[in-house]
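Read the structure below first, then the notes.
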Amino acid sequence: MVEQIITSEKNILAIEVIDGFTETDEKICQKFFQEKLDQGFKQVHILVKLDELKISKTSVKTFMEDVIFALRNYKKMGHLAIVAHSNILKALVPIDNLFFQRAKEGRLERYFDVSQMDEAMAFVSETVTR
């Protein structure tokens, strides 16, 4: 299940994934993202809180659809904050930054522990632009 953590008039999309991530959840995230673009923003800064995610309740097909959507919309994505309590995700984020060279284009992905939620929100809020 996906819930918006905050609603904002800015180019920030903050969501929390609770339990599993389904095909319906993927469509909802795409809708939220498109709504920000429809408001005139060229980039959307994204915060994703994953500490309640259960991998066993997430389908491989949905995961792949999410990856494909992200690749197709890469240039429309700004900063990405991953909020979780996972050493695996903490290790993967720097690799992702290197692979996609996000920082070179004014984009950066950062991992935050759940205890750093305020810092994560500040990270996606600091570069609000149209």
Which residues pass the side chain to side chain donor-acceptor pair (under 3.5 Å) test with [X], sequence neighbours left out?
{"X": "Ser8", "value": "none"}
{"X": "Gln34", "value": "Asp38"}
{"X": "Lys75", "value": "none"}
{"X": "Gln30", "value": "Glu26"}

Just how far is it from atom [atom1] of [X] to atom [atom2] of [Y], taken to the nearest 0.5 Å?
{"X": "Leu47", "Y": "Ile5", "atom1": "CG", "atom2": "CD1", "answer": "5.0 Å"}
{"X": "Thr22", "Y": "Lys27", "atom1": "OG1", "atom2": "NZ", "answer": "10.5 Å"}
{"X": "Ile28", "Y": "Phe21", "atom1": "CD1", "atom2": "CZ", "answer": "9.0 Å"}
{"X": "Ile46", "Y": "Lys36", "atom1": "CD1", "atom2": "NZ", "answer": "11.0 Å"}

Partner set under side chain to side chain contact (heavy atoms under 4.5 Å, CB included) for Val67, not counting sequence neighbours: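 Result, side chain to side chain contact (heavy atoms under 4.5 Å, CB included) vs Val67: Phe63, Leu71.
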Ring pair (Phe, Tyr, Trp, His ring centres under 6.0 Å) partners for Phe33, two or more places apart: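 If we apply the ring pair (Phe, Tyr, Trp, His ring centres under 6.0 Å) test to Phe33, skipping adjacent residues, the hits are Phe69.
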Ring pair (Phe, Tyr, Trp, His ring centres under 6.0 Å) partners of Phe112, counting only residues at least two apart: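 Expected list: Phe123.
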Shared-cluster residues of Ile68, by chain and number - hydrophobic side chains joined below 4.5 Å: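 Ile68 shares its hydrophobic cluster with no other residue.
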Step-by-step side-chain contact (heavy atoms from CB on, under 4.5 Å) determination, Leu50 to Leu89: CA-CA 10 Å; Leu50 298 169; Leu89 286 174; 3.9 Å; yes
Indicate every side-chain donor-acceptor pair of residues 113-120 with a distance under 3.5 Å to a residue at least two apart or in another chain.
residue, atom, partner, partner atom, Å
Asp113, OD1, His85, ND1, 2.7
Asp113, OD2, Ser115, N, 3.0
Asp113, OD2, Ser115, OG, 3.0
Gln116, OE1, Asp113, N, 2.8

Result of checking Ile82, Leu108, Leu80 against Val93 for side chain to side chain contact (heavy atoms under 4.5 Å, CB included):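 Exactly one option meets the side chain to side chain contact (heavy atoms under 4.5 Å, CB included) with Val93, and it is Ile82.
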Please tabulate, one pair per line, all N/O donor-acceptor pairs under 3.5 Å involving side-chain atoms of residues 12-20, not counting sequence neighbours.
residue, atom, partner, partner atom, Å
Glu16, OE2, Lys49, NZ, 3.3
Asp19, OD2, Lys57, NZ, 3.3

Side-chain heavy atoms of Tyr74 within contact of Arg107, under 4.5 Å: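 They are in contact (side-chain heavy atoms under 4.5 Å apart), so the answer is yes.
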Test item: Tyr111 side-chain N/O and Ala84 main-chain N/O as donor-acceptor pair under 3.5 Å: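 Yes, Tyr111 side chain to Ala84 backbone: donor-acceptor pair under 3.5 Å.
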Check: His79 main-chain N/O paired with His45 side-chain donor or acceptor under 3.5 Å: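 Between the backbone of His79 and the side chain of His45 there is a qualifying donor-acceptor contact (under 3.5 Å).
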Heavy-atom pair of closest approach, residues Met121 and Ile6: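 Minimum heavy-atom contact is SD-CD1, 3.9 Å.
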For Glu23, salt bridge (Lys or Arg N to Asp or Glu O under 4.0 Å) partners two or more places apart: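 Testing Glu23 for salt bridge (Lys or Arg N to Asp or Glu O under 4.0 Å), a comparison that skips the adjacent residues, returns Lys61.
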